[in-house]
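Following: one structure in structure tokens, then a few remarks.
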Amino acid sequence: MAIKNVIYQIGRFDRNLHDRVNFQIDDKIYPAYLSSFALKEYFKEKGEEAKVILLYPVSLIINDKAVSENPQLPEETKEKFLRVIKDISERENFFKKPEEYYKLHPYSEIADGFTVIHSIGEFSRIRFEADFNVIKLKIFLDMVERFLEEPFNRLYLDISSGYNIYVSALIEAGRLFLIFYKLHNFLTKENPENSLRVYLSFSDPIIPFNPSQRYEIHFNYELDVKAFFSWPHPVEQPKNLENPYPDLINKLANNDRQKRKYLRSTLLPFLINGYLFYSAIRYNTPLVLYTLEYDSENDVIGAIRQLINDLKPKLEENYQKTPELPVNYYERVFLMLSFYLGLIRVLKAYEIEKKEEVSYSELNRKFRDHSNNVYKPFDLHLNRDYLAHEMSNNFEKKEMREKFSEEYKLLTEIIGNEKDDKDINRRNFIAHCGFERNCVEVKKVDEEIWIRYRKDENILKEIKKILLELEYKGS
């Protein structure tokens, strides 16, 4: 796979805006305004694709001296920027659509893209209030949106410029994005060279600036995170199959009735399905994976895009102050959707999909193979061993196989049930890898054994409740 590099850096705006710096990489000099521009040229010379995305804190151009004393800044641009500082009406327009102003920033023509983020502090007597987590979320959304539009496999977070708060937000957004990536790319573990890798890059300090000095760029500091096989947000009401996440939905809707209704119809079904498939895999119930139907990859990606589209207007409605948002909840939802997407990709790779019935040989092949089974991408290695034991107990013993007929029968009719109880036993369902004798039906045609759950909507509802309850923490 070809290397595609994307470099993020905090933009700058000062009196030395048009002074090129002599950046050095591998003993070669790359004169550039920013270290990210120099790094891009280095990658291009190696035959690799590279793009630079700049992050502009909204207060950046509110700098009277930097605007007035820059001889190379076009007069029209100077006047427009100065009006933001001195004219309240212009300032109001600026806070509504700062992108229109930052298009005029000299670096915007050189960069491959930019996004405006909130600022913290007071500049030219204009106060900016921002929540760190909202700034991080805005950067993260930009990364996700660009990745979905045009995937890349190398992400560089250039921390050479910008105040510490923005640099910290950039690093944290990069970490979150890497977790987001890993959760929907379990299959790339076998081929790490094709996986996304994230690096910190930075130049030698450029204070004070010396036009004759060389400033080396360092860019091989890899940033890594752990993405555990654990659902990002616990189920809140497991017995409520219609909405097991009422608090989460209310937080996202900000108690708005219409918004809540919208989220319940557009977002919630993906979160429920994602958890059900996660629970079925983690708790080793393979027959569930053939009984439930997962969504298409495109539909889940569409839900991620829609969530971004719903969020952006809130983030951009007032650039002088960040909105009050349940950032932690939004982050979890993005990770839940990504996780679900990753589960779907693994299931599709192993050709596991909804069926009326599944053969014992298919379960053996896809779940019990030592070198290549469904659990391997998730590092759930013990699941294979435990499942093998349960499958052997329920379907491989000679005395059992002799009782199988060409017509479906409940497993309890074949094995026998001391209590003569027809209800699903929650404990037994999990203990026996979903092969609970009151809900599993078995038949044998020639030498092949076929397995399915009872054709009963109530049975399916009960199975879903069991899966939802497995990680319920209680109130």
Side-chain angles (χ1 to χ4, degrees), residues 8-19 33-34 36 52-142 145 161-170 173 254 308-327 330:
Y8 273 81
Q9 185 172 9
I10 311 297
R12 66 184 183 91
F13 188 84
D14 51 51
R15 284 174 288 182
N16 300 320
L17 193 66
H18 290 88
D19 292 338
Y33 298 126
L34 291 172
S36 56
V52 171
I53 309 300
L54 295 182
L55 303 172
Y56 292 131
V58 69
S59 63
L60 201 60
I61 63 170
I62 301 180
N63 186 329
D64 200 329
K65 284 189 176 182
V67 175
S68 304
E69 299 176 11
N70 193 313
Q72 297 185 41
L73 199 65
E75 286 302 317
E76 187 178 341
T77 301
K78 278 187 182 182
E79 291 173 8
K80 193 173 183 68
F81 287 1
L82 289 172
R83 283 200 302 272
V84 172
I85 301 172
K86 300 174 181 178
D87 187 312
I88 294 177
S89 177
E90 187 80 28
R91 194 183 308 155
E92 288 177 352
N93 290 333
F94 171 72
F95 285 137
K96 289 176 182 176
K97 292 187 177 180
E99 293 84 4
E100 297 301 316
Y101 294 78
Y102 277 98
K103 285 179 182 177
L104 303 174
H105 191 299
Y107 294 171
S108 296
E109 294 183 1
I110 306 170
D112 299 281
F114 72 86
T115 192
V116 180
I117 59 176
H118 287 79
S119 292
I120 298 177
E122 187 171 312
F123 307 90
S124 297
R125 298 183 180 179
I126 303 171
R127 184 157 188 80
F128 295 86
E129 297 178 15
D131 182 282
F132 172 85
N133 289 317
V134 175
I135 297 174
K136 176 184 73 170
L137 180 63
K138 179 75 187 296
I139 300 171
F140 167 74
L141 294 185
D142 192 80
E145 196 168 27
S161 57
Y163 291 148
N164 287 345
I165 192 72
Y166 307 128
V167 168
S168 297
L170 173 59
N254 195 24
I308 294 173
N309 292 336
D310 290 344
L311 255 177
K312 285 176 72 175
K314 297 178 184 177
L315 291 168
E316 297 171 357
E317 65 185 3
N318 181 359
Y319 271 97
Q320 195 168 358
K321 183 179 180 180
T322 51
E324 292 185 9
L325 289 174
V327 174
Y330 274 110

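If you're wondering where the values come from, they're calculated on a predicted model, not measured in any experiment. Numbers for residues simply follow the sequence, beginning at 1.
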Problem - For Asp112, side chain to side chain donor-acceptor pair (under 3.5 Å) partners two or more places apart - result: Lys40
Completion exercise
The side-chain contact (heavy atoms from CB on, under 4.5 Å) partners of Pro106 (sequence neighbours excluded) come to Leu17, His18, Leu73
Exercise for the section: Apply side chain to side chain donor-acceptor pair (under 3.5 Å) to Glu145 and list each qualifying residue two or more places apart in sequence or on a separate chain. Expected result: Lys312
Handout entry: Pair listing, side chain to side chain donor-acceptor pair (under 3.5 Å) test, anchored in residues 114-133, at least two apart
Key = Ser59-Ser119
Completion exercise
Residues passing the side chain to side chain donor-acceptor pair (under 3.5 Å) test with Tyr166, sequence neighbours excluded, are none
Completion exercise
Across all chains, not counting sequence neighbours, the side-chain contact (heavy atoms from CB on, under 4.5 Å) partners of Glu90 are Lys80, Arg83, Val84, Asp87, Tyr101
Fill in the blank from the handout: ring pair (Phe, Tyr, Trp, His ring centres under 6.0 Å) pairs touching residues 60-82, sequence neighbours excluded, are Phe13-Phe81
Completion exercise
Residues pairing under salt bridge (charged side-chain N to carboxylate O under 4.0 Å, His left out) where one sits in residues 66-78, two or more places apart or in two chains, turn out to be Arg15-Glu69, Glu75-Lys78
Problem - With Lys314 via salt bridge (charged side-chain N to carboxylate O under 4.0 Å, His left out) - residues at least two apart - result: none
Practice task
Classify the angle between the aromatic ring planes of Phe123 and Tyr163 as parallel (below 30°), tilted (30 to 60°) or perpendicular (above 60°).
Solution key: parallel
Problem - Partner set under side chain to side chain donor-acceptor pair (under 3.5 Å) for Lys321, not counting sequence neighbours - result: none
Practice task
Not counting sequence neighbours, list each pair that qualifies as a salt bridge (charged side-chain N to carboxylate O under 4.0 Å, His left out) and has a residue in residues 97-110.
Solution key: Glu100-Lys103
Handout entry: Partner residues of Asp64 under the salt bridge (charged side-chain N to carboxylate O under 4.0 Å, His left out) criterion, sequence neighbours left out
Key = none
